[in-house]
Amino acid sequence: MTSAAASPVRVRFSPAPSGELHVGSARTALFNWFEARHIGGSFLLRIEDTDASRTREEWIDAIGDTLGWLGIDWDEPPVRQSTRADAYLAAAEQLLASGHAYETFETPEELEAINAERKEAKLPPGYDGRGRELTPEQRKALAAEGRPRTIRFRTPDTGTSSFVDLVRGPVSVEWATISDFVIVRSDGKPLFFLANAVDDIAMGITHVIRGEDLLDTTHRVLALRAALGDTEPPEYAHLPLILRADRAKLSKRHGAVAVEDFRARGILPEALLNYLALLGWSPGDDREVMTRDEIVASFSLEHVTKSAAVFDEKKLEWMNGEWIRRLDRGELAARVRPLMIERYGAGVTEDLLDEVVAIAQERATTLVSIVEQSDFLFVTEENFSIDDDAWQRVVNAERGRDVLNAAIAHVEKCDWTVDAIDLRPAISDLGMKPGKVMFVLYAATEGRAAGLPVFDSIHLLGRERALGRLRAARERLA
RNA sequence: GCCCCCAUCGUCUAGUGGCCCAGGACGCCGCCCUUUCAAGGCGGUAACGGGGAUUCGAACUCCCCUGGGGGCACCA
C-alpha cells in the first residue's frame, strides 16, 4: 500500500462535447475541482469525443471557455480521446488475447431480434452471448461473409460485482443481470467503457467523481480494468442528479440549462459556482454565501448528499443579488460594461455607467436587470414610451396632474444635484405622501412604475430631457 | 420488463440514538423602513412518506410497502 503522499489525488472532468456545458456537468466539474484543490491534487480534463458523429469542434472550445468563466483551471493539457484510438484498440487486442473479450458478427437486424426475444422473456435488453463459443474457423467464415465485426467483453455469468461508493456506501449487483457488452464497434471505434477504463488507468486517476447516472456503469468499467491487469482501482463518488422543478431530469428542451444561458442572463460566475456547490453539498454548518476559496477550504466528499436535488432558479437569483452587492462598484461596472455596450452602443460613457451601477447595485438581482432598468437613459425622446400598465396607474391616480405640475415647476429651477432634485418636499406641499404617488414620476421619466431611484434618474437624464418627459406626460394626461 | 440508487418544510439543506414537539437558507405571507422596487429589518407559515421491528428512548438502526430518480442498446 502506497502512502497518501506518494500517490497524490488525481481527478478528471470528462465531458462529451456534444453541446454547451450543462449546469449538471458544470457541477460535476466543480466538485472534482473542489476536491483536487482542497486536497492539493491535480484536476485534469479529458474530452470524450470517441463518437465523432456527436462531436463538434466548437463545443470543445466552448467547454473550455465556460470552465474558465467559472474560474476552473486544469493542471495538464486536456486529453482528447479521439487521438488515443491506438491505445484503446491495443487494450481490446489484449482482452481478446486473454479471453476476456471475443469477436461477434451479428447484423443489426439479428441484434434487434435478440432484444425482441429478451423482452418476451422479461430480460433486460442486451446480448445473449451466442457468439461466445465460436471457433476461430467460424469467425473467419462469418467475417468472410462481410458481416459486421464487433468486440464484446465477456461478463461473469454468476457472482456479484460490488464496490464502495464514497457517497453511497457499498453498491452491488448480480453479474447475471449484465450481459456481454460491446467495447469496439463494427466501424472499429472504441466505446465509452473501454476508453474510460483505459484512460483512467493511463492518467492515473485516483478518484472518479461523476453523476449518479453513471453509477451502474461502474461495475463494467471495474471489470474491464481488472481484466486489463489493473490492481489499484480508483475511488468512486457518484453525485446526486439535478432535477427540474417537476422532478424530471433537467434537459435542454425546457428552459435554461446551459451555463452560458445563465451567463447571458447576467448571473455572475461567483454566484453560479456558489449555488452549484450547494446543490448536493453543504459545508455542514449554516454558511450559504461562500467564496470559491471558502468552498475549497471546506469541501469534502463526505458532505455530499445522496438524494437528487431540484434546481431552484429563484434561489440562484437571490444568491446572484448577494454577489452583486459584494462586488466593489468598479468591478461591477466592469461586468456590466460589455452588456451595456452591446445593448446601447456608444452612448454608454464611463461616467454614466458608473452612476448607473452606483444606484442599481443595491437592489439588482442580475446584470441584465441593471441593463434593462437603464434603458430609459439610452432611448431617444422620440422612441421613449411608457408601458401600458404604468400609464394606466397614472391615469387612475387621483392627482397625477398635480404631481406632474409640481415636479415640472421644481425641476425647471432647482440646482442640478440629486439632493436638490429631491421632489419629496414639493409633493408633501401638495398634501400627499410622496411614497404613494412617486410611481407617477417613475412612469413619466423611466417609462415604468418602478425602476432605478427616480431623483438619480432625473439627474442622469439631464434637465431638458427630464422636463420634456414630464411635460409630455402632463399633456397626455390632459 | 429487469437491475440499481434515493426518501427531513413547496425548494436547497443541518441533523450520524437522548441537545429535535427538528435548525438555517430560498420562496411565500404579514408588519416596519422607504423615493418606486427586484433592496433592507423584524415576525410568521411550513417537513422527519406509511407500517412494522430493535431500544428505556429513533428523523437518525433493521425489514416491508409506497413514492421518486437512474441504468439496461454498436451514446457518453
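Chain letters run A, B, ... following the sequence lines, proteins first and then strands; every chain starts at 1.
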Practice item. Evaluate ring-ring contact (aromatic ring centres under 6.0 Å, His included) for A:F181 paired with A:F193, printing each intermediate quantity in order. Key: CA-CA 9 Å; A:F181 55 93; A:F193 301 107; 5.0 Å; yes

Separation of atom [atom1] in [X] from atom [atom2] in [N], rounded to whole Å:
| X | N | atom1 | atom2 | value |
| --- | --- | --- | --- | --- |
| A:N320 | B:rC26 | CG | C1' | 14 Å |
| A:L241 | B:rC4 | CG | C1' | 13 Å |
| A:Y236 | B:rC5 | OH | C1' | 17 Å |
| A:D286 | B:rC12 | CG | P | 17 Å |
| A:D285 | B:rA25 | CG | C1' | 12 Å |
| A:M438 | B:rC33 | CE | C1' | 15 Å |
| A:E317 | B:rC28 | CD | P | 11 Å |
| A:M319 | B:rC26 | CE | C1' | 9 Å |

Check your understanding: Does any pair with a residue in residues 296-308 of chain A pass side-chain hydrogen bond (donor to acceptor under 3.5 Å, both in side chains), and if so which ones, sequence neighbours excluded?
Key -> A:R287-A:S298

Practice item. Enumerate the residue pairs fulfilling side-chain hydrogen bond (donor to acceptor under 3.5 Å, both in side chains) with a member in residues 444-459 of chain A, sequence neighbours excluded, ordered by first and then second residue. Key: A:D375-A:R448, A:E446-A:S457

Can you tell me the Watson-Crick or wobble partner of [N], both distances under 3.5 angstrom?
| N | value |
| --- | --- |
| B:rA14 | none |
| B:rG1 | B:rC72 |
| B:rC9 | none |
| B:rC29 | B:rG43 |
| B:rC62 | B:rG52 |
| B:rC20 | none |

Between [N] and [M], how many Å separate the two [atom1] atoms, rounded to a whole number?
| N | M | atom1 | value |
| --- | --- | --- | --- |
| B:rU16 | B:rC31 | P | 39 Å |
| B:rA22 | B:rG49 | P | 15 Å |
| B:rG23 | B:rC60 | C1' | 15 Å |
| B:rC19 | B:rG41 | P | 31 Å |
| B:rC28 | B:rA39 | P | 9 Å |
| B:rC12 | B:rC48 | P | 16 Å |

Can you tabulate the close N/O pairs, meaning under 3.5 Å, that link protein atoms to atoms of nucleotides 1-3 of chain B?
residue: B:rG1; atom: O2'; partner: A:K122; partner atom: O; Å: 3.0

Check your understanding: With nearest nucleotides of RNA chain B determined for A:T305 and A:V171 from heavy-atom distances, which residue corresponds to the more 5′ nucleotide?
Key -> A:V171

Point to revise | 5' precedence on RNA chain B between A:K314 and A:S282 (nearest-nucleotide basis) | key: A:S282

Which residues pass the salt bridge (Lys or Arg N to Asp or Glu O under 4.0 Å) test with [X], sequence neighbours left out?
| X | answer |
| --- | --- |
| A:R465 | A:E381 |
| A:E117 | none |
| A:D157 | A:R132 |
| A:R154 | A:E133 |

Check your understanding: Looking at B:rU36, B:rC26, B:rA38, which one has an atom nearest to any side-chain atom of A:Q373?
Key -> B:rA38

Taking only N/O atoms, report every protein-nucleotides 6-11 of chain B pair under 3.5 Å with atom names and distance.
none

Exercise for review: Answer with yes or no whether A:E112 presents, from its side chain, a donor or acceptor under 3.5 Å of a partner atom in the base of B:rA73.
Suggested key: no

Do any N or O atoms of the protein come closer than 3.5 Å to N or O atoms of nucleotides 74-76 of chain B, and which pairs are they?
residue: B:rC74; atom: O2; partner: A:S186; partner atom: N; Å: 3.0
residue: B:rC74; atom: O2; partner: A:S186; partner atom: OG; Å: 3.1
residue: B:rC74; atom: N3; partner: A:S186; partner atom: OG; Å: 2.8
residue: B:rC74; atom: N4; partner: A:E106; partner atom: O; Å: 3.4
residue: B:rC75; atom: OP2; partner: A:R185; partner atom: NH1; Å: 2.6
residue: B:rC75; atom: O2'; partner: A:D51; partner atom: OD2; Å: 3.1
residue: B:rC75; atom: O2'; partner: A:R54; partner atom: NE; Å: 3.0
residue: B:rC75; atom: O2'; partner: A:R54; partner atom: NH1; Å: 3.4
residue: B:rA76; atom: OP1; partner: A:T50; partner atom: OG1; Å: 2.6
residue: B:rA76; atom: OP1; partner: A:D51; partner atom: N; Å: 3.3
residue: B:rA76; atom: OP2; partner: A:F192; partner atom: N; Å: 3.1
residue: B:rA76; atom: O3'; partner: A:E48; partner atom: O; Å: 3.4
residue: B:rA76; atom: O3'; partner: A:E48; partner atom: OE1; Å: 2.9

Short side-chain donor-acceptor distance under 3.5 Å, [Y] and [X]:
| X | Y | value |
| --- | --- | --- |
| A:T218 | A:R210 | yes |
| A:Y275 | A:D312 | no |
| A:D49 | A:S82 | yes |

Students often get this wrong, so: under 4.0 angstrom with heavy atoms, is [X] touching a base, only sugar-phosphate, or nothing?
| X | value |
| --- | --- |
| A:D422 | nothing |
| A:G280 | sugar-phosphate |
| A:G435 | sugar-phosphate |

Exercise for review: With sequence neighbours left out, write down each residue that passes side-chain hydrogen bond (donor to acceptor under 3.5 Å, both in side chains) with A:E331, or none if nothing qualifies.
Suggested key: A:R335

Point to revise | With sequence neighbours excluded, residues passing side-chain hydrogen bond (donor to acceptor under 3.5 Å, both in side chains) with A:D402 | key: A:R399

Revision key, fill the gap. To the nearest 0.5 Å, atom CG of A:L332 lies from atom CZ of A:R326 at 14.5 Å

Exercise for review: Pick out which of A:E58, A:E57, A:R56 makes a side-chain contact (heavy atoms from CB on, under 4.5 Å) with A:I60.
Suggested key: A:E57

Exercise for review: Decide, yes or no, whether a salt bridge links A:R130 with A:E110 under the criterion of side-chain N to carboxylate O below 4.0 Å.
Suggested key: no

Polar atom pairs between nucleotides 39-42 of chain B and protein, under 3.5 Å, N or O only, would you list them?
residue: B:rA39; atom: O2'; partner: A:E362; partner atom: O; Å: 2.8

Check your understanding: So, for A:A407 and A:L441, which heavy atoms are closest and what is the spacing to 0.1 Å?
Key -> CB-CD2, 3.6 Å

